[in-house]
Amino acid sequence: MSYSKKIKVPYMLCDRYENLSMRNLVSIIGDVSLSHSYILEKGFDMAKLRWIVYSWDIEILKVINENDELEISTYVVDMNKFYAYRNVIVKRDGKIVVKAYGVFLLVDIDRMRPVKIPKELVETYKKDEVIYEKPDLKYRKDFDIAKEIMVRYTDIDSNFHVNNSVYFDYMIDLCQLDTRDIKFFNIVYKHEIRNKESIIGEYIEENGMIDYRLRSVNDKTIYTYGKIIKNV
């Protein structure tokens, strides 16, 4: 059972070139996905449960611009134990401009532990056909550039950790990229950034492909990692 929402891109969500920023693109597709969940879960006791993002794979076919009128559609393509798998399709003038594959994890917010998705919830969601397959990726660890990133007070959200969408700001700043430079963005969230004044961002670029990660200053915790493919 799919869910769609139409929006017009305001100037305030765009970067210096009047393109919808990666941070705000991710925020929009995440918001539409969670809005879909709220609708489907009406009648279920979800007070102590919450969906958190585990990963995104986002392919940008055409850059989204200020004042573009978009239709964002989300589809649940699978559910397995703790995870829900979603496709998100963004259309402009009836044509697909962005395709995404998102993995969401159901957690108990009191214990902050994954919980198995109830059978009744799986039946309520129902499954749609896969439109966009998650690519099979291999990750490098031989980073050659590192930079300290200061965690701003305003990066913290209502869960008292760095908001997932802020990670995109960190990576865009670290790699000195604009939205128009990006063809594909993969991110895997491993640990939350909480109660930190700074973290370390690392990356390596070769043939238009960037491997990156965010880690703790003492190198003991990997917060996130992923890949970026640049437009060439």
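- Here the CG atom belonging to L177 is positioned 10.5 Å from the CG atom belonging to N231, to the nearest 0.5 angstrom.
- Side chain of D169 to main chain of V166: no donor-acceptor pair is present (N/O by atom type, distance under 3.5 Å, no hydrogens or angles).
- For the pair V26 and Y167, the minimum side-chain heavy-atom distance is 4.5 Å or more.
- For E123, the CD atom sits in a packed shell: over 12 heavy atoms of surrounding residues, nucleotides or ligands are nearer than 6.0 Å.
- In this structure, the salt bridge (charged side-chain N to carboxylate O under 4.0 Å, His left out) partners of K147, at least two apart in sequence or on a different chain, are D173.
- When the side chains of ILVMFWY residues are joined at heavy-atom separations under 4.5 Å, either directly or via intervening members, L25 and Y75 end up in two distinct hydrophobic clusters.
- Partner of E192 under the side chain to side chain donor-acceptor pair (under 3.5 Å) criterion, chosen from R194, K196, K190: R194.
- By the criterion of side-chain heavy atoms lying less than 4.5 angstrom apart, applied directly or through intervening Ile, Leu, Val, Met, Phe, Trp or Tyr residues, Y17 is not grouped with V9; the two fall into different hydrophobic clusters.
- In the hydrophobic clustering of ILVMFWY residues, with side-chain heavy atoms under 4.5 Å counting as a link, I229 and V188 come out together.
- Atom OH of Y132 sits about 9.0 Å away from atom CD1 of I89, to the nearest 0.5 Å.
- Qualifying ring-ring contact (aromatic ring centres under 6.0 Å, His included) partners for Y223, counting only residues two or more places apart in sequence or in other chains: none.
- Here the CG-NZ distance, from L70 to K8, works out to 11.0 Å after rounding to the nearest 0.5 Å.
- Annotation: K134, atom NZ; neighbour count of heavy atoms from other residues, nucleotides and ligands within 6.0 Å is above 12.
- Across all their heavy atoms, W51 and M46 have their closest contact at NE1-CE, 4.2 Å.
- A search for ring-ring contact (aromatic ring centres under 6.0 Å, His included) contacts involving Y38 returns nothing, not counting sequence neighbours.
- A side-chain donor-acceptor contact under 3.5 Å links N163 to the backbone of S165.
- In this structure, the separation between CG on D68 and CG on D93 is 7.5 Å, given to the nearest 0.5 Å.
- Taking the six-membered ring where the residue is Trp, the centroids of W56 and F104 are separated by under 6.0 Å.
- Not one N or O on the side chain of T74 forms a donor-acceptor pair closer than 3.5 Å with the backbone of V32.
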Pair up each side-chain donor or acceptor in residues 199-214 with any protein partner under 3.5 Å, not counting sequence neighbours, and list the distances.
| from | atom 1 | to | atom 2 | distance (Å) |
| --- | --- | --- | --- | --- |
| E202 | OE1 | R213 | NE | 2.6 |
| E202 | OE1 | R213 | NH2 | 3.0 |
| E202 | OE1 | R215 | NE | 3.2 |
| E202 | OE2 | R215 | NE | 3.2 |
| E202 | OE2 | R215 | NH2 | 3.4 |
| E205 | OE2 | K230 | NZ | 3.0 |
| E206 | OE1 | R140 | NH1 | 2.6 |
| D211 | OD1 | K227 | NZ | 2.9 |
| D211 | OD2 | R140 | N | 3.0 |
| D211 | OD2 | K227 | NZ | 2.8 |
| Y212 | OH | N186 | O | 2.6 |

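- Considering only heavy atoms from C-beta on, D31 comes within 4.5 Å of K5 through its side chain.
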Exercise for the section: May I have the step-by-step check of side chain to side chain contact (heavy atoms under 4.5 Å, CB included) for K126 and V76, ending in yes or no? Expected result: CA-CA 7 Å; K126 302 178 182 178; V76 179; over 6 Å; no
Practice task
With side chain to side chain contact (heavy atoms under 4.5 Å, CB included) as the test, would you mind laying out the steps for M22 and I60 before giving the verdict?
Solution key: CA-CA 10 Å; M22 281 299 302; I60 301 175; 3.5 Å; yes
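- Put simply, the residue from Y189, Y83, F82 that forms a ring-ring contact (aromatic ring centres under 6.0 Å, His included) with Y54 is Y83.
- The shortest distance between side-chain heavy atoms of Y225 and K141 does not fall below 4.5 Å.
- A donor and an acceptor atom, one from each side chain of N19 and N65, are located under 3.5 Å apart.
- Side-chain atoms of F160 and N195, non-hydrogen and from C-beta on, never get closer than 4.5 Å to each other.
- The closest side-chain heavy-atom distance from K99 to N87 is not below 4.5 Å.
- I58 and A100 get closest at one heavy-atom pair: CG1-CB, 4.0 Å.
- At a threshold of 4.5 Å between non-hydrogen side-chain atoms, the residues L61 and K95 do not count as touching.
- Neither I29 nor I96 shares a network with the other; the hydrophobic side chains, linked directly or stepwise wherever heavy atoms of I, L, V, M, F, W or Y lie under 4.5 Å apart, form separate groups for each.
- Hydrophobic cluster membership is shared by I172 and L174, with clusters built from Ile, Leu, Val, Met, Phe, Trp and Tyr side chains linked at under 4.5 angstrom.
- By the 4.5 Å heavy-atom criterion applied to side chains, F168 and I187 are counted as neighbours.
- The shortest non-hydrogen separation linking E148 to S198 is OE2-OG, 2.8 Å.
- For residues 153-167, the pairs satisfying salt bridge (charged side-chain N to carboxylate O under 4.0 Å, His left out) are R152-D155, with sequence neighbours left out.
- Partners of K116 by salt bridge (charged side-chain N to carboxylate O under 4.0 Å, His left out), not counting sequence neighbours: none found.
- Within the 4.5 Å cutoff, the side chain of P118 has heavy atoms near those of the L106 side chain.
- Side-chain atoms of R86 come within 3.5 Å of backbone atoms of S33 as a donor-acceptor pair (strictly under, hydrogens ignored).
- In terms of heavy-atom proximity, F184 sits nearest to P135 at CZ-CG, 3.7 Å.
- Minimum heavy-atom separation, I193 to Y170: CD1-CE1, 4.4 Å.
- Note that CG of N67 is 8.5 Å distant from CD of E69, once rounded to the nearest 0.5 Å.
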Exercise for the section: Applying side chain to side chain contact (heavy atoms under 4.5 Å, CB included), run through M171 and F185 and close with a yes or a no. Expected result: CA-CA 10 Å; M171 296 314 308; F185 205 124; 4.0 Å; yes
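- In terms of heavy-atom proximity, I28 sits nearest to I72 at CG2-CD1, 4.0 Å.
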Problem - Test side chain to side chain contact (heavy atoms under 4.5 Å, CB included) applied to Y125 and S37, step by step - result: CA-CA 8 Å; Y125 267 79; S37 292; 2.9 Å; yes
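- Atom-to-atom distance recorded for D57:CG and Y101:OH is 9.0 Å, nearest 0.5 angstrom.
- Atom CE of M12 is surrounded by 12 or fewer heavy atoms from other residues, nucleotides or ligands within 6.0 Å.
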